[in-house]
2 protein chains.
Amino acid sequence: MSKHALEEASDNGATDLEDLIGYNLKRAYIIVQSGFRDAQGEGGFSPRVFTALALTVKFPNITQSALARKMGIERSGLVAIVDELESKALLARARVPGDRRVQALVPTEAGQQAYDAAMASVRAHEQDVFSNMSESEKKTLLDLLRKVRKNEVS
Amino acid sequence: MSKHALEEASDNGATDLEDLIGYNLKRAYIIVQSGFRDAQGEGGFSPRVFTALALTVKFPNITQSALARKMGIERSGLVAIVDELESKALLARARVPGDRRVQALVPTEAGQQAYDAAMASVRAHEQDVFSNMSESEKKTLLDLLRKVRKNEVS
DNA sequence: TATTGTTATACTCTATAACTATA
DNA sequence: TATAGTTATAGAGTATAACAATA
């Protein structure tokens, strides 16, 4: 141990909240989510509803259980989300021949358009909230966040 | 516009959820927070209680209003958090001579020790959840997350 | 027996509004 | 008038457990 006494306190990493990745991740996420809601405005999509619509557009005919799994939530929690999107006629629950238990989720034309518009607004919001970062820095952040996800044990 | 037609769809950035920083931020945060709770175990600190204790240790005699501001929550929401920490005798609400409205939060000896132990466990958890990343990558991620926070408008 | 969608229910986190006691 | 702490209340978001229909 050749370090000075004053340095010993942080020998093994963070002793301060501000040095924790998790803490900074939370604070950054709160900022981005809050901006997302502002960008969507009154009657706009909440993050989870936007995610559900986006995945339905990307994977048409996905079942509710599969969508819940992809979103990382319980399938019971998805019911209200799909109800909301169906009530706005942005997607439909379609019967599947061959397995009468499942409901295939299919985006409507209006759903596709609403998704495109919402995505444009989200992109504009991200331009704004990350406006102090270069394209290269944003790419690095994206890659590192993906790497965190990739290491998930579950 | 010299790009191929197939590339035009993503000319201005993300068209896919997976290309949004916000979405990846959320997913990464859920993983880290969930691991935090597992690491703390039964009867352990929730993220927000840990944060409140950490800030009280760092800034002894901070008022409840100031702590709430630092945490980014309403002061009404802090009451239950401080109640919990006080009921476990980890901090005390102290009267302040000169202004009888305020309550200065002071960590107890047990609070300091509980904080040290919890922080050690959080550090171990972060070693684990970011085990596929180099020290350099973790440092970069931390710096970029701080940069996001630094750009906050509000 | 297992799975899909659903309902009922409860818990956590947070916000808003109003109250009190002070300043 | 304004601020600190508090209470009451409501709204998201999520989870668990149970159920009917179907496999």
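From a predicted model like this one, the values you see are computed outputs, not experimental measurements. Computed over heavy atoms, backbone and side chain alike; hydrogens, waters and symmetry mates excluded. Here is how names work: the chains are called A, B, and so on, in the same order as the sequence lines, proteins then strands, and each is numbered from 1.
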Nucleotides 12-18 of chain C: which of its N/O atoms have a protein N/O under 3.5 Å away?
from, atom 1, to, atom 2, distance (Å)
C/dC13, OP1, B/Arg37, NH1, 3.4
C/dC13, OP1, B/Arg37, NH2, 2.9
C/dC13, OP2, B/Arg48, NE, 3.4
C/dT14, OP2, B/Arg48, NH1, 3.3
C/dA15, OP2, B/Glu74, N, 3.2
C/dT16, O4, B/Ser76, OG, 2.8

**OP:** Between B/Asp83 and B/Asp99, name the one whose nearest nucleotide on DNA chain D is closer to the 5' end.
**Re:** B/Asp99
Original post:
Is any NZ, NE, NH1 or NH2 atom of the basic residue among A/Lys58 and B/Glu18 found under 4.0 Å from an Asp or Glu carboxylate oxygen of the other?
Top reply: no
Quick one: [X] [atom1] to [N] [atom2], roughly how many Å, whole number?
{"X": "A/Phe45", "N": "D/dA12", "atom1": "CZ", "atom2": "P", "answer": "16 Å"}
{"X": "B/Arg101", "N": "D/dA2", "atom1": "CZ", "atom2": "P", "answer": "13 Å"}
{"X": "B/Arg93", "N": "D/dG5", "atom1": "CZ", "atom2": "P", "answer": "9 Å"}
{"X": "A/Gln103", "N": "D/dA21", "atom1": "CD", "atom2": "P", "answer": "14 Å"}
{"X": "B/Leu67", "N": "D/dT3", "atom1": "CG", "atom2": "C1'", "answer": "17 Å"}

Original post:
Taking atom types as they are modelled, is there a donor-acceptor pair under 3.5 Å from the base of D/dT22 to the side chain of A/Arg100?
Top reply: no
Original post:
Are A/Gln64 and C/dT3 close enough that a side-chain N or O sits under 4.0 Å from OP1 or OP2?
Top reply: no
Original post:
Can you find a side chain N or O atom of A/Arg95 that sits less than 4.0 Å from OP1 or OP2 on D/dT22?
Top reply: no
Just distance, no hydrogens or angles: give the donor-acceptor pairs under 3.5 Å from side chains in residues 71-90 of chain A, sequence neighbours left out.
from, atom 1, to, atom 2, distance (Å)
A/Asp83, OD1, A/Arg93, NH1, 3.0
A/Asp83, OD1, A/Arg93, NH2, 2.9
A/Glu84, OE2, A/Lys88, NZ, 3.4
A/Glu86, OE1, A/Arg93, NH1, 2.6
A/Glu86, OE2, A/Arg93, N, 3.4
A/Ser87, OG, A/Glu84, O, 2.8

Subject >> Atom pair NE2/CZ of B/His125 and B/Phe130 - distance to nearest 0.5 Å >> reply: 7.0 Å
Original post:
What is the distance from atom CG of A/Leu91 to atom CD of A/Gln103, rounded to the nearest 0.5 Å?
Top reply: 11.0 Å
**OP:** Would you check if the side chain of A/Glu126 reaches a backbone N or O of B/Gly22 as a donor-acceptor pair within less than 3.5 Å?
**Re:** yes
Original post:
Quick one: does A/Asn151's side chain get under 4.5 Å of B/Met133's, heavy atoms only?
Top reply: no
